[in-house]
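Computed from heavy atoms alone, side chains included, the values below leave out hydrogens, waters and symmetry copies. Computed from a predicted structure; not experimentally measured. Residue numbering restarts at 1 for every chain, and letters A, B, ... go by the order of the sequence lines.
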Amino acid sequence: MDKKVNATRLLRAIGEVDDKYIEEAMETAAPAKRAVTTSLRRYGGLIAAVAAAVLLLIAGNAIIRFLGAARSAEAESATHNATVAAADENIRVYDHNAITGGEAAAQPNQGAEEVDAMSMETEAAGAEEGDLCVRDADTYDCLTFVFDSLDDLEESAQLDFDAPESVDGSASCTYINYVYENGTNIAEIQYLDENGNPICAIRKAFVQRNISGCGDCYSIHDRVEADGIGSVNLLGNNSGYQVAYWTHGGYSYSVTTVEILSEDAMLELVSQVG
Amino acid sequence: MEDQLIIDMYFARDEQAIVCTRDKYGRLLRSIAYGILKSHEDSEECENDTYLKTWSVIPPTRPTAFQAFLAKITRNLSLDRYDQMHAAKRGAGEVPLMIDELEECIADQGAASTDDETQDEDLKRILDQFLETLPQDARKIFMRRYFFGDSVNEIAERFGFGKSKVKMSLSRSRDSLSVLLKKEGYYG
């Protein structure tokens with residue numbers, strides 16, 4: 001029997017495998033979190049040093065002060081390698097051990113308003129309406145810097161970020177920069193409702209990949225063409241879309257919403273980002 | 001609407017069952033068909049054929065996993081349509097690529113001697129056994145590639161993996177499948 005005939009038969013037979021494997025490949029739930037301590041444990045000192053170097057480049061006097069704190073954190077990393085404190089009262093620095101309930105406690109810098117750790121836990125959310133799915137595959141290996149203004153975020157992430165000042169239902173914004181050990185910055189604007197719950201997140205980064213943090217959380221993956229942008233990937237379910245991600249001009253972008261949006265509504269939001 | 005309620009409507013011969021099925025799973029089924037056919041028009045026809053097929057087999061069949069049940073029907077109908085469309089010449093899209101890749105699992109002189117029906121049953125058993133042994137990520141990658149017809153790029157985007165990781169995973173999975181098929185006396 002011809003090899004191609006047998007290969008075709010094999011392809012057909014794959015269509016008859018146990019239903020559980022089909023459902024698993026279609027599953028909409030986010031995968032289990034991986035251990036949060038991996039890189040921070042392995043590279044605790046390195047992460048602190050890289051973070052300090054990156055910040056030195058991008059934030060002037062405030063960062064110089066931060067560097068001193070980061071160095072202190074590096075020195076302390078033999079015993080607890082996850083906690084980095086910032087000296088500038090406008091910058092709050094968290095490690096994900098703390099955010100995700102790891103062994104080290106979060107220590108926002110003195111004088112700064114503490115961010116509700118649960119609001120950051122949205123990274124593990126599933127794809128149901130009501131959750132904001134902004135999990136990132138590598139989120140646990142980065143440091144999170146929270147700012148009070150878009151200007152500060154742009155300066156930290158070293159990019160210009162155009163995004164709407166508000167979205168439907170938002171009352172305020174939080175500006176976050178995820179700094180990875182390789183120096184990558186992912187800038188994120190989180191739109192919060194009047195109760196402080198995130199309802200939308202818009203990201204931008206100088207990388208070429210899906211930075212939405214979502215990929216396997218949705219049953220529907222569509223790709224559409226948007227004027228002036230090109231291809232936009234839309235993720236959602238049969239009711240509509242909750243995630244859009246695309247690349248343009250060397251940058252990657254993503255929009256993630258709690259509300260399930262129509263294609264037109266999602267693309268309208270996308271068109272305001274640059 | 002719960003799947004079991006929809007299935008009950010099929011058993012009651014209530015045509016609203018098809019409407020409910022389309023509302024709940026229509027886009028998913030179209031996306032499966034499109035992965036194989038790369039044609040919106042053909043995908044919609046396969047979707048509609050899926051409803052007809054479902055209507056004809058329920059009852060007596062009562063699926064335990066309705067979503068997977070529909071996915072299988074759509075996939076098979078899409079492959080049938082693909083074969084019809086490309087009977088005379090090698091077609092475009094992912095199907096010929098998938099077949100080329102699966103040929104790696106098969107030796108040059110490897111036909112099973114059993115009859116077709118027995119062979120298909122055995123293949124299903126072997127594939128289930130093979131999938132059970134794969135790590136979850138590798139299994140999901142394998143299924144997205146060879147069940148849903150996703151390209152390497154689409155899989156990488158879907159799961160947030162690098163393309164090289166996806167390719168490597170698929171290559172290792174095919175190697176494992178080849179060893180198992182050979183051990184079981186198929187195509188090895």
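- For B/Phe148, the part lying near chain A is the side chain, with the backbone staying farther off; criterion is any non-hydrogen pair under 4.5 Å.
- The stretch residues 246-274 of chain A participates, sequence neighbours left out, in these ring pair (Phe, Tyr, Trp, His ring centres under 6.0 Å) pairs: A/Phe206-A/Tyr251, A/Trp246-A/Tyr253.
- In terms of modelled atom types and a separation under 3.5 Å, the side chain of A/Asp18 and the main chain of B/Asp128 share no donor-acceptor contact.
- If you measure heavy-atom distances from B/Asp150 to chain A, you find no contacts under 4.5 Å at all.
- Looking at B/Ala71, only its side chain comes within 4.5 Å of chain A, counting heavy atoms on both sides.
- Comparing B/Ala156, B/Ala68, B/Pro63, B/Ser31 by how many heavy-atom pairs each has under 4.5 Å with chain A, the most go to B/Ala68.
- Around the NZ atom of B/Lys124, the shell of radius 6.0 Å holds more than 12 heavy atoms that belong to other residues, nucleotides or ligands.
- Of the possible donor and acceptor atoms, one in the side chain of B/Lys72 sits under 3.5 Å from a partner among the backbone N and O of A/Val17.
- A 4.5 Å side-chain heavy-atom check between A/Thr8 and B/Val95 finds every atom pair outside the cut-off.
- Under the 3.5 Å distance criterion, with hydrogens and angles disregarded, no donor-acceptor pair is assigned to the side chains of A/Glu23 and B/Gln67.
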Exercise for review: Given side chain to side chain contact (heavy atoms under 4.5 Å, CB included), test A/Leu10 with B/Leu127 step by step and report yes or no.
Suggested key: CA-CA 9 Å; A/Leu10 191 55; B/Leu127 284 165; 4.2 Å; yes
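- Around atom CG of A/Asp227, no more than 12 heavy atoms belonging to other residues, nucleotides or ligands sit under 6.0 Å away.
- Here B/Leu102 contributes atom CG and A/Leu11 contributes atom CG; the two are 6.0 Å apart, rounded to the nearest 0.5 Å.
- Neither the backbone nor the side chain of B/Phe130 comes within less than 4.5 Å of any heavy atom of chain A.
- Salt bridge A/Glu24/B/Lys140: absent, no basic N to carboxylate O contact under 4.0 Å.
- Atom-to-atom distance recorded for B/Arg75:CZ and A/Ile14:CD1 is 6.5 Å, nearest 0.5 angstrom.
- Distance check: B/Lys24 NZ to A/Asn237 CG gives 11.0 Å after rounding to the nearest 0.5 Å.
- Open room surrounds CG on A/Asp168; 12 or fewer heavy atoms of other groups in view lie less than 6.0 Å from it.
- Considering only heavy-atom pairs separated by less than 4.5 Å from chain A, the leading option among B/Glu154, B/Arg139, B/Met98 is B/Arg139.
- In summary, A/Arg12 and B/Asp80 engage in a salt bridge, as defined by a charged side-chain N under 4.0 Å from a carboxylate O.
- Note: B/Tyr25 OH to A/Met26 CE = 8.0 Å, rounded to the nearest 0.5 Å.
- Heavy-atom distances place the side chain of B/Leu177, and not its backbone, under 4.5 Å from chain A.
- Residue B/Glu132 touches chain A through both its backbone and its side chain, counting heavy-atom pairs closer than 4.5 Å.
- When heavy atoms are compared at a cutoff of 4.5 Å, A/Arg223 approaches chain B solely by way of its side chain, counted from C-beta outward.
- Once rounded to the nearest 0.5 Å, the distance linking CD of A/Glu16 with CG of B/Leu123 reads 11.0 Å.
- Side-chain atoms of B/Arg27 do not come within 3.5 Å of backbone N or O of A/Ile220 as any donor-acceptor pair.
- Between the side chain of B/Arg144 and the backbone N or O of A/Ala25, at least one donor-acceptor pair lies under 3.5 Å.
- Taking CG of A/Leu235 as the start and CD of B/Glu157 as the end, the distance is 9.0 Å to the nearest 0.5 Å.
- Annotation: B/Gln4, atom CD; neighbour count of heavy atoms from other residues, nucleotides and ligands within 6.0 Å is above 12.
- With a 4.5 angstrom heavy-atom cutoff, B/Asp137 does not touch chain A via any of its atoms.
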